[in-house]
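Below you'll find the structure, written out as structure tokens, and then a few comments.
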Amino acid sequence: MGKRHQLLGSLSYILAHNRDGSRTTQINRRHRLLQTLKQLYEDGYQLNHVKQMKTKHLYHLVQRWQAEQKSAGTIKNRLSDLRWLLKKLDKASIMPSNTKLGAKKRVYASGQDKSFALKPVDLNKMTDPAMRLSLQGQQLFGLRLEESLKLQPYLADRGHCLYLKGSWTKGGRERVIPIINDAQRQWLKDCQALIRSKDSSLIPDHQRYEVYRRQFIYQCRLAGIHHRHGLRHDYAQQRYQALTGWTCPAKGGLTRDKMTSAQRESDYQARLIISQELGHVRTQITKIYLS
């Protein structure tokens, strides 16, 4: 067995024994780490095992990615994967901060309204009732695609809020989203009425998640629905208006420089709540949704 195969094999072993996060998170992490190790090997660092990685390799990778003009977000994601891997190897101490590595901070684009609201004609094109409900859940609760498919309606129903189990979410972070209107409550009742058992999700019992996810995306394309992430934008913008009493900047509302000190505080608190409900850890990301 060549060194390249040994190196990639050592990574596969670690991944197989450390299944942190959702299925999608694991798949993306595996793909990015395999590509990273292949790049190291191509550049002359012919390691036998991932545990042989050193700080110099990390600096080299960042320099390569910057030379390839990879975005700050792409580099940050790859470094997060490496940080996860080194932690599993008990070598977290060799990983400098992103700043020391020379990785630029991610810039969140703002100013453009990317919201998308479903219309009856859109939903009517989705002939599968479970897929239709998953799509609605993305707008009514700001759910990610994976969350809207894996959600188990009976387990998620906590009366006053929707509970999301860690295995359904990005990064494995469980969270709750308040149920504040009749449309949300009716959606949850419709989901519960559709599934066969209290332990079921909106994915048919005989289907694997990866296969069903592809089918869902295909059906959305057939229905002419191409901007599903805009549904999360719509949720964020509706919540912002409900929490503050005014329209968000992306919709032409007050920008921070025109707010009073009291309005700025309301703006901050609203963004904090929305960030948590969407499953983000930083309020800065709300710029994407609200400007």
Side-chain angles (χ1 to χ4, degrees), residues 1-108 144-147 149-150 165-174 208-214 217 229 279-282 284-285 288:
M1 182 184 292
K3 286 186 177 181
R4 185 173 183 270
H5 286 93
Q6 290 179 8
L7 177 62
L8 300 181
S10 67
L11 172 63
S12 295
Y13 179 85
I14 293 170
L15 292 170
H17 289 80
N18 295 276
R19 299 184 180 278
D20 301 353
S22 68
R23 179 64 177 165
T24 300
T25 297
Q26 293 176 42
I27 292 171
N28 291 338
R29 182 191 294 132
R30 177 184 181 84
H31 173 74
R32 290 193 295 255
L33 283 172
L34 284 171
Q35 287 297 112
T36 295
L37 294 186
K38 287 176 183 178
Q39 289 175 340
L40 267 183
Y41 197 88
E42 290 169 1
D43 293 345
Y45 295 102
Q46 299 182 3
L47 311 179
N48 292 316
H49 195 286
V50 288
K51 65 184 178 182
Q52 295 177 331
M53 287 188 67
K54 299 179 180 179
T55 303
K56 67 178 181 180
H57 300 132
L58 304 173
Y59 278 102
H60 171 79
L61 286 166
V62 171
Q63 290 171 3
R64 170 174 173 153
W65 296 333
Q66 290 176 335
E68 293 173 344
Q69 297 185 331
K70 299 299 182 183
S71 69
T74 295
I75 293 175
K76 180 179 179 295
N77 288 338
R78 292 179 180 182
L79 290 176
S80 294
D81 293 330
L82 286 169
R83 189 169 283 107
W84 175 89
L85 176 62
L86 291 171
K87 185 177 179 180
K88 299 300 178 183
L89 294 168
D90 292 325
K91 296 188 66 173
S93 60
I94 75 166
M95 183 83 176
S97 67
N98 288 3
T99 301
K100 286 186 177 180
L101 285 168
K104 297 178 181 179
K105 291 185 177 180
R106 190 196 305 252
V107 177
Y108 296 102
R144 295 184 177 95
L145 172 56
E146 182 173 3
E147 296 164 351
L149 299 178
K150 290 184 175 181
K165 191 177 178 181
S167 60
W168 310 339
T169 68
K170 183 178 181 179
R173 294 185 294 270
E174 65 178 26
R208 290 173 53 240
Y209 164 70
E210 293 87 350
V211 175
Y212 189 70
R213 181 179 183 274
R214 289 195 294 269
I217 293 172
H229 197 71
H280 292 299
V281 294
R282 296 181 300 277
Q284 183 184 11
I285 298 178
I288 298 172

Mark yes when over 12 heavy atoms from residues, nucleotides or ligands other than Q69 sit less than 6.0 Å from its CD; otherwise mark no.
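Open: at most 12 neighbouring heavy atoms sit under 6.0 Å from CD of Q69.
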Quick check on K165: does its NZ atom have over 12 non-hydrogen neighbours (other residues, nucleotides or ligands) under 6.0 Å away?
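Result for NZ/K165: open.
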Sorted by first residue and then second, give each ring pair (Phe, Tyr, Trp, His ring centres under 6.0 Å) pair with at least one member in residues 58-82; sequence neighbours left out.
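Output for this query lists Y45-H60.
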Under a 4.5 Å cut-off applied to non-hydrogen side-chain atoms, are [X] and [Y] in contact?
{"X": "L61", "Y": "L101", "value": "no"}
{"X": "I217", "Y": "L145", "value": "yes"}
{"X": "R32", "Y": "N77", "value": "yes"}
{"X": "L15", "Y": "L33", "value": "yes"}
{"X": "K38", "Y": "R4", "value": "yes"}
{"X": "L7", "Y": "L40", "value": "no"}

So, taking the atom named [atom1] in [X] and the one named [atom2] in [Y], what distance separates them when rounded to the nearest 0.5 Å?
{"X": "Y212", "Y": "K150", "atom1": "OH", "atom2": "NZ", "result": "14.0 Å"}
{"X": "Q39", "Y": "H57", "atom1": "CD", "atom2": "NE2", "result": "14.0 Å"}
{"X": "E147", "Y": "S167", "atom1": "CD", "atom2": "OG", "result": "10.5 Å"}
{"X": "L34", "Y": "S12", "atom1": "CG", "atom2": "OG", "result": "5.5 Å"}
{"X": "Q26", "Y": "N18", "atom1": "CD", "atom2": "CG", "result": "9.5 Å"}
{"X": "T25", "Y": "W84", "atom1": "OG1", "atom2": "CH2", "result": "11.0 Å"}

Taking NZ, NE, NH1 and NH2 as the nitrogens, is one of them in E210 or R208 under 4.0 Å from a carboxylate oxygen of the other?
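Answer for the salt bridge query: yes.
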So, are R29 and D20 salt-bridged, with charged N and O less than 4.0 Å apart?
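Salt bridge: no.
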Shortest non-hydrogen separation from [X] to [Y] and the atoms involved:
{"X": "P96", "Y": "L58", "result": "CD-CD1, 3.9 Å"}
{"X": "L37", "Y": "M53", "result": "CD2-SD, 4.1 Å"}
{"X": "L79", "Y": "N98", "result": "CD1-OD1, 3.6 Å"}
{"X": "I75", "Y": "A103", "result": "CG2-CB, 4.1 Å"}
{"X": "Q52", "Y": "K91", "result": "C-NZ, 4.2 Å"}
{"X": "T55", "Y": "I94", "result": "OG1-O, 2.8 Å"}

Using a 3.5 Å distance criterion without hydrogens, assess whether the side chain of R83 forms a donor-acceptor pair with backbone atoms of M95.
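Checking the backbone N and O of M95 against the side chain of R83, no donor-acceptor pair under 3.5 Å is found.
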Indicate yes or no for a side-chain donor-acceptor contact from K170 to the backbone of R144 under 3.5 Å, with no hydrogens or angles considered.
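It does not hold such a pair.
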Full working for side-chain contact (heavy atoms from CB on, under 4.5 Å) between D81 and T36:
CA-CA 10 Å; D81 293 330; T36 295; over 6 Å; no
Show your working on side-chain contact (heavy atoms from CB on, under 4.5 Å) between R64 and D43 and close with a plain yes or no.
CA-CA 9 Å; R64 170 174 173 153; D43 293 345; 3.0 Å; yes
